[in-house]
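Right, one structure below, let's go through it.
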Amino acid sequence: MTERGVELVHRGGMRFEAADAAGRRLVLDDAAGGGGPGPIDALLAALGGCTAMDVIDIARKKRQPVTAYRVEVRGHQRDDYPKVFERIDVVHVFEGEGLDARALRRCIELSATKYCPVSAMLSAGPVEIHHRYRIVAGGTVVEEDEVLVTGPGATLGQSGGGWGGG
């Protein structure tokens, strides 16, 4: 088992500086302070970053000619406290000529169901995560679709739609 940790130091107002064991830093703040993302936005960024790193790594191994790549993450929270996410949409946007949609779908599927621990943790709770892709070539969207849905009440390794998805 691996142990990880961060330490947060108060820097005034609602601003906190987080540092990991290697000394890498991240500033968290509220909307009024403007010094960094809030914790909820940082959670969305963590999900996006985790899956993006998986997907681009797998796409390179599959020799996909990706010339530009971004991930759009949007979360929908409950109105009542503790305002947990009920749904998160993750859209992988690939640009390039000659991209294989089937290969890119598989990259996303592997990240969502096997490699990304942030996705696994969120999917194991009350949030439903919709994993989608969009392929752009020559400035035009040539294909987009949903790959799978994970959560809620997820069970790792469940066949079909990921962790309890459909």
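Sequential numbering from 1 along the given sequence is applied to the chain's residues.
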Partners passing side-chain hydrogen bond (donor to acceptor under 3.5 Å, both in side chains) against R11 (at least two apart in sequence or in another chain):
E17
Side-chain donor or acceptor of D54 paired with backbone N/O of C116 under 3.5 Å:
yes
Side-chain contact, heavy-atom cut-off 4.5 Å: R15 with V27?
yes
Sorted by chain and residue number, the side-chain hydrogen bond (donor to acceptor under 3.5 Å, both in side chains) partners of K83 (sequence neighbours excluded) come out as none
Output the distance between atom CG (L28) and atom CG (L26), rounded to the nearest 0.5 Å.
4.5 Å
Looking only at the side chains, is there a donor atom on one of H131 and D89 sitting less than 3.5 Å from an acceptor on the other?
no
Spell out, yes or no, whether L122 and M53 are grouped together once hydrophobic residues are joined by side-chain heavy atoms under 4.5 Å, including indirect joins.
no
Pairwise distance CD1(I56) to CD(Q64) - rounded to 0.5 angstrom:
9.5 Å
Distance in Å, R60 CZ paired with K62 NZ, rounded so as to fall on 0.5 Å steps:
15.0 Å
Enter the distance from R87:CZ to R78:CZ here, rounded to the nearest 0.5 Å.
15.0 Å
Would you check if F94 and V55 make a side-chain contact, meaning some heavy-atom pair closer than 4.5 Å?
yes
When you compare the side chain of R132 with that of V90, does any pair of heavy atoms fall below 4.5 Å?
no
Taking only residues two or more places apart in sequence, or in another chain, which ones meet D79 in a side-chain hydrogen bond (donor to acceptor under 3.5 Å, both in side chains)?
none
Please report the interatomic distance CG(L47) to CD1(I129), rounded to the nearest 0.5 Å.
5.0 Å
Would a 4.5 Å heavy-atom cut-off, applied to side chains only, mark L99 and V66 as touching?
yes
Using ring-ring contact (aromatic ring centres under 6.0 Å, His included) as the criterion, list what pairs up with F16, not counting sequence neighbours.
H10
So, for T150 and A112, which heavy atoms are closest and what is the spacing to 0.1 Å?
CG2-O, 4.2 Å
Taking side-chain hydrogen bond (donor to acceptor under 3.5 Å, both in side chains) as the cut-off, I'd like each qualifying pair that reaches into residues 90-101, sequence neighbours left out, listed once.
Y69-H92
Mind listing the closest non-hydrogen atom pair of A52 and V71 along with its distance?
CB-CG2, 3.6 Å
Is there side-chain contact between E72 and V93, with at least one heavy-atom pair below 4.5 Å?
yes
Less than 4.5 Å apart, side chain to side chain, heavy atoms only: is that true for P37 and D29?
no
Taking 4.0 angstrom as the limit, do E109 and K114 come out as a salt bridge?
no
Below 4.5 Å, heavy atoms only, C-beta onward: do C50 and P117 meet side chain to side chain?
yes
Check the hydrophobic clustering (I, L, V, M, F, W, Y; side-chain heavy atoms under 4.5 Å; chains of links allowed) and say if V6 and V9 are grouped together.
no
Can you find a side-chain donor-acceptor pair between S111 and T51 that sits under 3.5 Å?
yes
Let me check something: do V73 and L43 share a hydrophobic cluster, defined by ILVMFWY side-chain heavy atoms less than 4.5 Å apart, either directly or through other members?
yes
Quick one: CG on L104 to CG on D145, what's the gap to the nearest 0.5 Å?
12.5 Å
Hey, could you give me each pair passing side-chain hydrogen bond (donor to acceptor under 3.5 Å, both in side chains) that has a residue in residues 33-46? Not counting sequence neighbours.
none
Are I108 and V118 in one and the same hydrophobic cluster, where Ile, Leu, Val, Met, Phe, Trp and Tyr link if side-chain heavy atoms are under 4.5 Å apart?
yes
Between E143 and Y133, is the side chain to side chain donor-acceptor pair (under 3.5 Å) condition met? List the steps.
CA-CA 8 Å; E143 185 171 340; Y133 72 95; 2.5 Å; yes
Are E146 and H130 close enough that a side-chain donor and a side-chain acceptor fall under 3.5 Å?
yes
